[in-house]
A.B. asks: 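Below you will find the structure I want to go over with you.
Chain naming here is simple, since letters A, B, ... match the order of the sequence lines and numbering starts at 1 in each.
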2 protein chains.
Amino acid sequence: MEPARWLTTREEQAWRLFVAVLMLVPGEVEAQLKRDAGLTQVDYGVLSALSEAPGRAMRMNELARMVNGSRPRMSQVVAKLERRGWVRREPTREDGRGSLAVLTDAGYAQVVAIAPGHVAAVREAVVDALSPEQLDQLAGISATLLDALEARRSGSS
Amino acid sequence: MEPARWLTTREEQAWRLFVAVLMLVPGEVEAQLKRDAGLTQVDYGVLSALSEAPGRAMRMNELARMVNGSRPRMSQVVAKLERRGWVRREPTREDGRGSLAVLTDAGYAQVVAIAPGHVAAVREAVVDALSPEQLDQLAGISATLLDALEARRSGSS
DNA sequence: TCTCATAAGTTGTAGCTACAACTATATGCG
DNA sequence: CGCATATAGTTGTAGCTACAACTTATGAGA
């Protein structure tokens with residue numbers, strides 16, 4: 001264990017601001033989804049991913065990767081969406097273990113109905129709030145952070 | 001209601017990457033705090049804020065602003081920290097309504113013990129993963145997003 | 001074929017979070 | 001003063017999240 005390397009003033013400032021963003025921005029976007037449709041960001045991600053998938057269907061596993069969630073979480077989320085009639089589950093034909101989450105017509109209609117409001121919220125909270133340069137920077141920073149995370153997970157296991 | 005303005009490919013790409021960051025990065029940092037001390041990011045924020053406050057004490061209200069949390073949440077968090085012996089609550093002298101959260105000696109020792117590991121996790125997950133330019137960009141972007149949020153809250157109430 | 005390891009999903013549980021309702025004190029105004 | 005309103009904190013509850021344990025199926029190898 002090396003001696004602790006503290007953060008410089010500049011680094012700490014950046015971190016503090018970023019933490020505030022991490023705390024507040026997701027809440028802003030989720031508030032709209034919750035108000036308009038009683039959905040979570042993850043719920044919306046699932047419905048949205050299914051709506052764009054071939055056959056409007058996906059394996060649970062794939063769905064989990066798609067929305068950056070764990071498998072247990074997918075089970076819970078899909079169970080909830082199933083109770084509301086927006087998704088149904090079918091056994092998989094090729095793999096006896098798997099489940100296939102399928103978007104129902106009601107679920108598709110729901111996505112179509114919600115999407116505009118969600119996009120507007122995303123615009124208001126992030127996209128339109130930043131300059132085009134900042135948005136590009138944000139994309140680059142995000143990609144870098146995700147790569148680093150991925151590298152850490154493969155490397156130091 | 002204006003017609004929905006969709007996201008361009010570039011905007012959507014940036015948003016998707018950013019959502020992944022919002023989902024994954026907090027979890028990375030919290031995992032370390034949870035592992036080493038059974039603490040949440042907010043818990044740590046509270047202890048840390050108290051440790052730097054004059055008299056190692058703060059009003060609940062002020063504490064809430066400090067860590068970007070709601071007052072109900074502070075009550076819960078401080079109650080938990082109090083059960084663990086790291087914080088105690090006192091009535092306020094000037095204002096009969098208020099509570100004052102005070103960091104105990106054990107709580108201060110806890111902060112001192114944890115801080116280096118936390119800083120190392122923050123470095124690994126964010127600060128050292130980015131170039132100095134990117135870190136500055138991130139600070140700017142975060143400030144912009146927070147300003148926009150603040151403006152929305154004052155303006156459109 | 002039999003066995004073991006691995007993978008896909010589910011379930012159970014404990015802890016965290018958000019939101020509304022409630023108590024108590026303080027402040028402003030007629 | 002006396003009432004109305006606003007503010008500080010707490011509590012209760014419902015829903016979400018993380019993690020471990022479990023079930024079932026696949027696949028690889030003796």
A.B. asks: Checking contacts here: which listed nucleotide (D/dT10, D/dT17, C/dC16) is nearest the side-chain heavy atoms of B/M60?
C.D. replies: D/dT10
A.B. asks: Can you check the B/E94 CD to D/dA8 C1' distance for me, whole Å?
C.D. replies: 13 Å
A.B. asks: Measuring from the side chain of B/P72 (C-beta onward, heavy atoms only), which nucleotide among C/dA18, C/dC19, D/dG9 has the closest atom?
C.D. replies: C/dC19
A.B. asks: Want to settle it: does A/K34 or B/A31 sit nearer the 5' end of DNA chain D, counting the closest nucleotide to each?
C.D. replies: A/K34
A.B. asks: Distance check needed: D/dG15 P versus A/D43 CG, whole Å only.
C.D. replies: 13 Å
A.B. asks: From CG of B/N68 over to P of C/dT17, roughly how many Å is that when rounded to an integer?
C.D. replies: 13 Å
A.B. asks: Whole Å only: how far is the CG atom of A/L100 from the P atom of C/dT10?
C.D. replies: 11 Å
A.B. asks: Once hydrogens and angles are ignored, does a donor-acceptor distance under 3.5 Å link the base of D/dT7 to the side chain of B/R97?
C.D. replies: yes
A.B. asks: C/dC16, D/dT10, C/dA8: which one has an atom nearest the side-chain heavy atoms of A/R59?
C.D. replies: C/dA8
A.B. asks: Just the rounded figure in Å: distance from P of D/dT10 to CG of B/L63.
C.D. replies: 11 Å
A.B. asks: What pair of heavy atoms forms the shortest contact from B/T104 to B/G85, and how long is it?
C.D. replies: OG1-O, 2.8 Å
A.B. asks: It should be established whether A/R89 places a side-chain nitrogen or oxygen under 4.0 Å from OP1 or OP2 of nucleotide C/dT10.
C.D. replies: yes
A.B. asks: Hey, which sits more toward the 5' end of DNA chain C by its nearest nucleotide, A/D95 or A/M23?
C.D. replies: A/D95
A.B. asks: Between C/dA8, D/dC16, D/dT11, which one does the side chain of B/S75 approach most closely?
C.D. replies: D/dT11
A.B. asks: So, taking the atom named NE2 in B/H118 and the one named CG in B/D36, what distance separates them when rounded to the nearest 0.5 Å?
C.D. replies: 11.0 Å
A.B. asks: Throw together a table of side-chain donor-acceptor distances under 3.5 angstrom for residues 64-77 of chain A, partners on residues two or more places apart or in other chains.
C.D. replies:
residue	atom	partner	partner atom	Å
A/S70	OG	A/R73	N	3.4

A.B. asks: Counting side-chain heavy atoms from C-beta on, which of C/dA18, C/dC16, D/dA8 comes nearest to B/N61?
C.D. replies: D/dA8
A.B. asks: Verify salt bridge (charged side-chain N to carboxylate O under 4.0 Å, His left out) between A/D128 and B/R5, making sure each step is shown before the conclusion.
C.D. replies: CA-CA 11 Å; A/D128 287 352; B/R5 194 158 47 102; 3.0 Å; yes
A.B. asks: Does C/dA18 have OP1 or OP2 under 4.0 Å away from a side-chain N or O of B/R73?
C.D. replies: yes
A.B. asks: Whole Å only: how far is the CE atom of B/M58 from the P atom of D/dG9?
C.D. replies: 13 Å
A.B. asks: Working to the nearest 0.5 Å, report the span between CD of B/E82 and CZ of B/R89.
C.D. replies: 4.5 Å
A.B. asks: Once you round it to whole Å, what is the distance between P of D/dT10 and NZ of B/K80?
C.D. replies: 15 Å
A.B. asks: Between C/dT10 and A/S99, is there an OP1 or OP2 to side-chain N/O distance shorter than 4.0 Å?
C.D. replies: yes
A.B. asks: Assign each of A/R93 and A/E30 to its nearest nucleotide of DNA chain D by heavy atoms, then name whichever residue's nucleotide is nearer the 5' end.
C.D. replies: A/E30
A.B. asks: Using a 4.0 Å heavy-atom cut-off across all strands, classify B/R71 as base, sugar-phosphate, or nothing.
C.D. replies: base
A.B. asks: Which whole-number value in Å describes the distance from A/R83 CZ to D/dG15 C1'?
C.D. replies: 10 Å
A.B. asks: Grab the two heavy atoms, one from A/A101 and one from A/M60, that are nearest each other, plus how far apart they are.
C.D. replies: CB-SD, 4.2 Å
A.B. asks: Compare the minimum distances between each of C/dT10, D/dA8, D/dG12 and the side chain of B/Q76, then state the nucleotide with the smallest one.
C.D. replies: D/dG12
